[in-house]
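Report on the following structure.
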Number of protein chains: 2
Amino acid sequence: MSGGTALTELNASTNRNTTLETVAREAGVSIKSVSRVLNGEAFVSEKMRDKVNHAIAKLEFKPNMAARQLRGQRSYSLALVYEPPASEFLTGVLEGVLPECRKASYKLLLEPLGATESRSHILRMIQSRAADGYILLPPLSEDKSLIDAIVKANCAVVLVASSVDIDQLNYPVSKVGIDDFAAGRSLGHYFIERGHRRIGYIGLRAQHLTANRRGEGLKSAMQDASIPLDNLSIFDGTATFESGVAAAQTLLSKERRPTVVFAGNDYMAAGVISCAVAMGLTIPEDLSITGFDGADLSEMFVPPFMTVKQPLKEYGEWAAKRLLSALANPKQEGIQDTLPFTLIPRNSVKNLNQK
Amino acid sequence: MSGGTALTELNASTNRNTTLETVAREAGVSIKSVSRVLNGEAFVSEKMRDKVNHAIAKLEFKPNMAARQLRGQRSYSLALVYEPPASEFLTGVLEGVLPECRKASYKLLLEPLGATESRSHILRMIQSRAADGYILLPPLSEDKSLIDAIVKANCAVVLVASSVDIDQLNYPVSKVGIDDFAAGRSLGHYFIERGHRRIGYIGLRAQHLTANRRGEGLKSAMQDASIPLDNLSIFDGTATFESGVAAAQTLLSKERRPTVVFAGNDYMAAGVISCAVAMGLTIPEDLSITGFDGADLSEMFVPPFMTVKQPLKEYGEWAAKRLLSALANPKQEGIQDTLPFTLIPRNSVKNLNQK
DNA sequence: TTGTACGCGTTATCAG
DNA sequence: CTGATAACGCGTACAA
């Protein structure tokens, strides 16, 4: 007898195949009513809602996603497309995306897409509707052909840190980022206020247009201070430590080398520091340096270096929320949002005014 | 007429709802036969196989995963469980897991599980069969209660870098890692050969038992060289940069401070260096330092520091392959594999014998 | 406001 | 060796 009870409890707790029908029986209503309550549909009486919710809670019922997918022709998953190798940028965004997906019972698909890799795989995945919505990280968020393919497949997209003008696209594409021009300008003013006049700028690769905007902002700050643009040396990197080293090698061996270098991301800034130290320079006595993104690296480094923090987690959160809401109620217009960046001053930038 | 052709081609290329039935019709066979060929079942004639494969290729047919899941009661996905924040350890493993999943048409679910976070979510997910197999990263790979829950739900598990003795578990659990004892020993010998006699060791938290094995290996090397164990200072960190700083603060202010510090991972090593430099010490003149894991960080740092590379990508590959094969043919025994580690000597460890 | 019957694309059972 | 048919669990159309 007590054995029977135990067994019942066991069955209840191991919610093996608890289905709509189980719940319906428990609540003494029809399957469809349970479905209605579950999906928050209108035209359901309070009483019904209560009964059903009670049964759901009691049985610890969780809807079967596979059945939903099959029936609804949706995958209930988002895809995060990034260019490997995985960096702190990716993991930062993930911190925002994952909780939102979890809340909405959506899955997240990670889709690394190498710069030189064939795109046939991702195109097939898009066409096969493996995901309902896509988040594109830079530099992929600049890739019009990719965006095109996704939109053509009738899926939602959010561009992260992209310079693509979504108003010109007649598609419902959304995007989130910071004001790169302003960030570059702030940094420029920061340098200039501290007496710097010769500035080096190492951008990301050419496709990475948001980084170019930062360069424009920097120029604008220099113009404000009537500093001739000859004093600006521009290089292109590829977002890696190695490219930071390479750029620094040329940049720092110039006759009149810059007093401060603004690197397009924190990995490149680390590369510049490595190179500078190898050349016998001291940071910040002989050279000031700033990175970008706000990676933990910048804080752990010796010396810790100045950087501009992009709200990565917030990007992820915004993107996931946006996608989810667009999926929940389609035919929304594309929107864009500009989130605040944060200058993180550190001693890697010397104040030349103070002796 | 040409319009008709174009339309047909269009329909064929946009493999909208190409289903088993479409393929069956194209090949002039039954649905079930197509299914048989697809799943590589036995008792299918050559001719049939050819016909079907031809049709599949022509229509670019891809099976509908949702339907498979529903029918087969499997999720066709693996879960990667890790303790946030995401580190280079995670992304390294991902590089191995993702390609394997892609090859097998499996999805990967990322499951961050904070140390203090409630486990109800992950337990529910396990019970609801959201994944067919689980990969546990350290320190979660030591968590017997978690392993237990997964096994009880009849799912496959692979433990990465775990000290759990899978033979004592009477479960089909597999694991992969390096020989931590040997790694600690190699490092010990490396230090001793270069004249170091006072050694500091910063382990990971107590639960992280593989790290403890490294400490044992270190001791063993010291005993080989008849160095009294008093010369060893042991601290526990928590795998973070901050804990590296904290440990270093005590360790380096000792009267007879160590000549070399072995930190349990690269982030902690960075913390030790920061602290040492802040105290006015020079690396490696005043203090030698080694990390563990082989994170890119160790190479980018100034100065780059010695580390021991764990084959992270290979861990991921091994784990995914193992899981996939265990799922393909169940009731396999748990196995374990020890992969080679690599000492990466760098100038952060000084040779005290020279000069 | 609630319930019934059907179909989403597969795989499994069983008969041919 | 091959084919018809049922079921997996849910949402949609429609009737009540």
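Numbers restart at 1 for each chain; the letters A, B, ... are given by sequence-line order, proteins then strands. Keep in mind that what you see is a predicted model, and the values were worked out from it rather than measured.
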note = Between Ala79(A) and Met125(A) the two heavy atoms that sit nearest each other are CB-CE, 4.0 Å

inquiry  = Using only atom types and a distance under 3.5 Å, with no angle test, would you say the side chain of Lys175(B) pairs donor to acceptor with the backbone of Ile166(B)?
reply    = no

query = Which pairs pass ring pair (Phe, Tyr, Trp, His ring centres under 6.0 Å) with one or both residues in residues 102-133 of chain B, sequence neighbours excluded?
reply = Tyr76(B)-Tyr106(B)

message = If the condition is side-chain hydrogen bond (donor to acceptor under 3.5 Å, both in side chains), which residues does Arg49(A) pass it with, not counting sequence neighbours?
response = none

request  = Side-chain contact test, heavy atoms from C-beta onward, threshold under 4.5 Å: evaluate it for Arg129(B) versus Gln69(B) and give yes or no.
outcome  = no

query = With Ser174(A), which residues qualify under side-chain hydrogen bond (donor to acceptor under 3.5 Å, both in side chains), at least two apart?
reply = Arg322(A)

inquiry  = Main chain of Ala131(A), side chain of Ser77(A): is a donor-acceptor contact present, judged purely on distance under 3.5 Å?
reply    = no

inquiry  = Does this structure show an ion pair linking Glu21(A) with Arg25(A), if we count only N-O contacts that are shorter than 4.0 Å?
reply    = yes

Positional range of nucleotides in DNA chain C within the contact set of chain A, heavy-atom, under 4.0 Å = dT1(C) to dG9(C)

Angle by which the axis turns from one end of the helix from dT1(C)-dA16(D) to dG16(C)-dC1(D) to the other, five pairs per end, to 10 degrees = 40°

query = Side chain of Ser75(B), backbone of Ala130(B): donor and acceptor closer than 3.5 Å?
reply = yes

key: Protein proximity profile, nucleotides 9-16 of chain D - base contact B, sugar-phosphate-only contact S, no contact -, cut-off 4.0 Å on heavy atoms   = BBBB----

ask   = Salt bridge or not for Lys321(A) and Asp337(A), using N-O below 4.0 Å?
value = no

